[in-house]
Amino acid sequence: METAVKFILIGCLIQDVLGDFNISLPARIEALKGSCVFIPCTFDIDRNVKDYLTNSVTRKWFKRGHFDNEVFPSSGKLKGEIFGKPTDKNCTTRFDDVRQSDSGEYYFRIESQNLKYSYKKDSTSSHTEVIINVSASPSKPTVQLYDDQMEVKVHQKVMEDSSVILRCSANIYCPYNPPSLTWSSSPNTLILNEQKRQDQTKLISDLNFNITHLHHGVTFTCTIKYQLKKQIRTEKASLTLRVQYAPKNTSVTVNPSGSVLEGRSVTLTCSSDGNPPVFNYNWYRDTEEQLEQSGQNLTINKTNLTHSGQYYCTARNQYGTQNSSVLLDIQYAPKISSSSSCSHSDVIVCVCEVRGNPSPTLQWHLSRHPVINSTGTAISEERVKNTSLRNVLTIRQSLKDTPSLQCVSTNVHGTASQKFQMLLTPHHKPGFHHSSLLVGVAIGASVVVMFWIMTHFYKRRQNCKPIETRQDNNTGFILTQRVVVQDEEEEELVFSNKAMMPHGGGFTQESLHYSLIDFTNAEPASGEIIGLSSLTTEYTVIQHHTAGAPEAENDI
C-alpha cells in the first residue's frame with residue numbers, strides 16, 4: 001500500500017520549505033459527500049531534532065477556524081487512517097464518509113515529549129495547508145476531441161478519413177473506491193481502441209478511431225458512476241461529431257416507378273448525402289451528353305423511343321462529387337420498319353423487321369393462314385438488342401396465283417401488321433407447268449379435229465351423195481368435247497372413217513367411225529402453291545366407234 005500511495009503522489013504535490021521543516025501535499029482537494037477524502041502527504045523535520053522523530057510521535061490533523069480544532073484522530077470528528085510510520089515521514093491520510101460541513105482548511109501536526117511542530121501558516125512561516133471542498137453531487141465528466149497532434153478541436157468539426165481521439169476525464173474522489181466509466185453512442189457505433197488510465201485525482205478514457213461519414217451527427221456519451229456508502233451517483237457528458245465529407249449514397253429514382261408507356265410523362269429525382277449539403281446536380285445521358293436541364297429533378301413531359309436509356313446524375317459539394325445512374329425503360333406497341341420487303345429470284349425471300357417494348361412476337365400469314373417451317377417454307381428469326389426482331393421468310397415453291405402475305409407483330413401494348421405485294425419481278429423465270437401444256441395440246445387437237453370433220457363432210461356431200469341418202473346406212477360421225485391427254489410426251493393420232501379403195505380409186509368411206517378426245521387439266525405438281533383461285537378445267541373427248549360394233553373408247 002505504501003508503494004501505491006507513493007506512486008500516486010508523483011507530480012501532484014506542492015512543496016513549501018522553511019528551514020528543515022517542510023511538508024508536501026495538495027493545495028486543494030475536491031471531495032464528494034458520503035465518499036472518502038484522500039490527502040497524499042510527506043513531511044520532514046530539522047536535522048537538529050531528527051533523533052526525536054520516533055514511531056511514538058503522534059500525527060494529527062487540525063481544521064482552521066476561529067479556534068483551531070483537532071479533527072483527527074483523537075477528537076473523533078473524522079474517521080479514517082494515516083498511512084505509514086512517523087519515521088517514514090509519511091502523513092498521507094484518508095478521511096471516510098465526509099460531510100459538507102467538513103469543508104475547510106486543514107493542517108498537519110506532529111507531537112511527542114521532545115518534538116512538537118505544526119505545519120501551518122503563521123506570522124513567522126508560510127507552511128502549506130490543504131483546502132478540502134466537499135460537494136453534495138459529483139462533478140460532470142469532461143469530453144473533448146483531439147486531432148492526431150493532440151490539439152483540441154473546439155467546434156467538433158473533423159474531416160472524413162482523419163484520425164481523432166475522444167477523451168473523457170472524471171474526478172476521482174476516493175482512490176480506494178474509484179468510479180466506473182462507460183462510453184455509448186447514438187446512433188449505435190462500434191467503439192474500438194479504448195484506453196483507460198487514472199492518477200490520484202483523475203480517471204481518463206481515450207477512444208482512438210478514424211473518422212468516416214458514418215460518424216457525422218453521432219453523439220458520444222461518457223457516463224460516470226460513483227459507488228457511495230448508501231447510494232450510487234451518476235453523471236454524464238456528451239459530444240456530437242460534425243464530419244465534413246463529399247457526397248455519399250447518391251441515388252436516382254423514377255416516378256412513376258417501373259416501366260413508362262410511350263407518350264406519358266416521367267420525373268427522375270437525384271438524392272445525395274453530403275456535409276455541407278450538395279449544392280449542384282447535373283444530368284447526363286448514356287451518350288455522355290450533358291442535358292440543358294439541371295437540378296435535383298429531371299422531367300420529361302412526353303416520352304418517346306429516343307428517351308429510353310441510361311441516365312446519370314452527378315452530385316457535388318465543396319469536397320467532391322459522386323455519380324449514380326438509372327435505366328429509363330420506355331415501353332411501346334410494335335412498330336414495323338419501313339425497310340421490310342420481299343425479293344424474288346430463284347426463291348422468294350421476305351424480311352420483316354419490328355421493334356417493340358417489351359420484345360414483340362412475329363408471325364407470317366399467307367392467304368390468312370399462319371405460315372410454319374416446312375419443306376416449301378423456311379422461317380428464321382434474329383433478335384437485335386432486347387426490343388428489335390428480324391424475321392426472314394423463304395418460299396421455295398412457285399406461286400400460281402397472287403396470294404396475300406402479311407407480317408403480324410404483337411406485344412402487351414398492341415399489334416402491328418404489314419402486307420407484302422407478291423408480284424414477280426422481270427428477272428423471275430416462270431416455272432414449267434404441266435397443266436398449262438396439257439390445256440394447250442387439248443385445244444390444238446380440238447381445232448385440228450374440227451377442221452378435219454368439216455372438210456370431210458364437205459367432200460362427202462360433193463362426191464358421195466348416194467351413200468348419204470341410203471335409208472339403211474345408219475353410220476354417222478359423232479363429236480363430243482371429251483379429249484383426254486395423259487402426258488405431254490404421248491403423241492396420239494385422231495382416227496377417222498377414211499379408207500383406201502381396193503382398186504386404186506383413192507379413198508372411200510367405210511362404216512362410220514368416231515373418236516372421243518378428252519382434254520382435261522392435269523393435277524398440279526405435289527406441293528405447288530396455286531393461290532386463292534383454283535384452275536379452270538377445260539376438256540374435249542373424242543371416242544372412236546365402228547358402225548354397228550360395240551362402243552370402245554380410245555383415249556388420245
Side-chain angles (χ1 to χ4, degrees), residues 1-32 35-99 101-134 172-177 199-201:
M1 179 59 70
E2 283 188 37
T3 303
V5 170
K6 289 180 181 178
F7 175 76
I8 62 176
L9 294 177
I10 297 175
C12 300
L13 303 180
I14 60 173
Q15 282 189 330
D16 185 18
V17 179
L18 181 61
D20 291 329
F21 285 96
N22 60 73
I23 191 168
S24 296
L25 74 170
R28 186 180 183 89
I29 294 178
E30 295 295 330
L32 177 63
S35 182
C36 75
V37 174
F38 184 78
I39 308 172
C41 180
T42 60
F43 68 93
D44 204 352
I45 63 174
D46 191 286
R47 63 186 129 183
N48 295 323
V49 292
K50 65 179 181 178
D51 293 338
Y52 298 114
L53 184 60
T54 65
N55 289 331
S56 62
V57 171
T58 303
R59 295 168 292 176
K60 300 180 178 181
W61 286 94
F62 284 78
K63 183 179 181 182
R64 282 280 197 179
H66 186 68
F67 297 100
D68 293 350
N69 297 317
E70 180 186 343
V71 293
F72 186 84
S74 58
S75 68
K77 293 184 178 180
L78 286 174
K79 304 294 183 180
E81 178 183 4
I82 299 177
F83 298 95
K85 299 176 182 179
T87 54
D88 296 332
K89 301 178 182 179
N90 191 349
C91 55
T92 300
T93 304
R94 184 192 76 245
F95 295 145
D96 296 328
D97 194 18
V98 295
R99 299 158 295 178
S101 60
D102 294 327
S103 298
E105 191 172 7
Y106 292 80
Y107 61 88
F108 179 70
R109 177 178 173 80
I110 54 175
E111 288 185 3
S112 69
Q113 185 177 359
N114 299 315
L115 180 62
K116 296 182 178 165
Y117 190 83
S118 294
Y119 294 85
K120 66 177 182 176
K121 296 177 182 179
D122 56 26
S123 58
T124 59
S125 65
S126 58
H127 293 101
T128 301
E129 300 171 355
V130 61
I131 298 175
I132 298 177
N133 181 40
V134 181
I172 295 179
Y173 299 109
C174 182
Y176 296 95
N177 186 22
D199 58 24
Q200 70 191 34
T201 59

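Nothing here was measured: the structure is a model prediction, and the numbers come from that model.
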Colleague: According to salt bridge (Lys or Arg N to Asp or Glu O under 4.0 Å), does anything in residues 22-31 pair up with another residue at least two apart or in another chain? List the pairs.
Modeller: Arg28-Glu30
Colleague: Between atom OH of Tyr52 and atom NZ of Lys116, what is the distance when rounded to the nearest 0.5 Å?
Modeller: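 Going from the OH atom of Tyr52 to the NZ atom of Lys116 covers 13.5 Å.
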Colleague: Calculate, to the nearest 0.5 Å, the distance between atoms NZ and OG belonging to Lys77 and Ser101 respectively.
Modeller: 10.0 Å
Colleague: Can you list the steps and then say if Val130 with Ile29 is a side-chain contact (heavy atoms from CB on, under 4.5 Å)?
Modeller: CA-CA 7 Å; Val130 61; Ile29 294 178; 4.0 Å; yes
Colleague: In terms of the angle between their ring planes, are Phe38 and Phe83 parallel, tilted or perpendicular, with boundaries placed at 30° and 60°?
Modeller: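 Aromatic pair Phe38/Phe83 classed tilted.
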Colleague: Rounded to the nearest 0.5 Å, what separates atom CD1 in Ile45 from atom CD1 in Ile23?
Modeller: 13.0 Å
Colleague: Minimum heavy-atom separation for Lys63 and Ser103, please, with both atom names.
Modeller: NZ-O, 3.2 Å
Colleague: State, yes or no, whether a side-chain contact exists between Leu25 and Thr128 at a heavy-atom distance under 4.5 Å.
Modeller: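 Side chain of Leu25 against side chain of Thr128, heavy atoms only: contact under 4.5 Å found.
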Colleague: Would you please say whether a donor-acceptor pair under 3.5 Å links the side chains of Asp46 and Tyr117?
Modeller: no
Colleague: Rounded to the nearest 0.5 Å, what's the gap from NZ on Lys85 to CG on Leu53? Could you check?
Modeller: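 Going from NZ on Lys85 over to CG on Leu53, the span is 12.5 Å.
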Colleague: If I compare all heavy atoms of Tyr173 with all of Ser35, which pair ends up nearest, and what's the gap?
Modeller: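 Tyr173 and Ser35 have their closest heavy atoms at CB-OG, 3.9 Å.
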Colleague: Ignoring hydrogens, what is the shortest heavy-atom contact between Ile131 and Glu105? Give both atom names and the distance.
Modeller: CG1-CG, 4.1 Å
Colleague: Which heavy atom of Ile82 sits nearest to which heavy atom of Thr93, and what is that distance?
Modeller: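 That would be CG1-OG1, 3.6 Å.
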Colleague: Would you please indicate if the ring centroids of Phe108 and Trp61 are separated by under 6.0 Å?
Modeller: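 For Phe108 and Trp61, the ring centres are under 6.0 Å apart.
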Colleague: Can you measure from OH (Tyr106) to CG (Leu78) and round to the nearest 0.5 angstrom?
Modeller: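 Here the interatomic distance stands at 5.0 Å.
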Colleague: If I compare all heavy atoms of Val98 with all of Ala31, which pair ends up nearest, and what's the gap?
Modeller: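 What the structure gives for the nearest pair is CG2-CB, 4.2 Å.
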Colleague: Asp96 versus Tyr176: any side-chain heavy-atom pair under 4.5 Å?
Modeller: no
Colleague: With side-chain contact (heavy atoms from CB on, under 4.5 Å) as the test, would you mind laying out the steps for Ile110 and Tyr119 before giving the verdict?
Modeller: CA-CA 8 Å; Ile110 54 175; Tyr119 294 85; 4.1 Å; yes
Colleague: Taking Thr87 for its side chain and Thr54 for its backbone only, find out whether a donor-acceptor pair lies under 3.5 Å.
Modeller: no
Colleague: Tell me if a side-chain donor or acceptor on Thr201 pairs with a main-chain N or O of Asp199 at a distance below 3.5 Å.
Modeller: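 Not confirmed, Thr201 side chain does not pair with Asp199 backbone.
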Colleague: Give the minimum heavy-atom separation between Ser112 and Val57, together with the two atoms involved.
Modeller: CB-CG2, 3.7 Å
Colleague: Any salt bridge linking Lys120 with Glu129? Criterion: basic side-chain nitrogen under 4.0 Å from a carboxylate oxygen.
Modeller: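 Result for this pair is no, no salt bridge flagged.
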Colleague: Provide the full list of salt bridge (Lys or Arg N to Asp or Glu O under 4.0 Å) pairs with a residue in residues 48-62, sequence neighbours left out, each pair given once.
Modeller: Lys60-Glu70, Lys60-Glu111
Colleague: How many angstroms lie between CG in Asn69 and OG in Ser75, if you round to the nearest 0.5 Å?
Modeller: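 Asn69 atom CG to Ser75 atom OG measures 8.0 Å (nearest 0.5 Å).
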Colleague: Donor-acceptor check, side chain of Ser118 to backbone of Arg109, threshold 3.5 angstrom: yes or no?
Modeller: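 No; judged by distance alone, with no hydrogens or angles, the pair does not exist.
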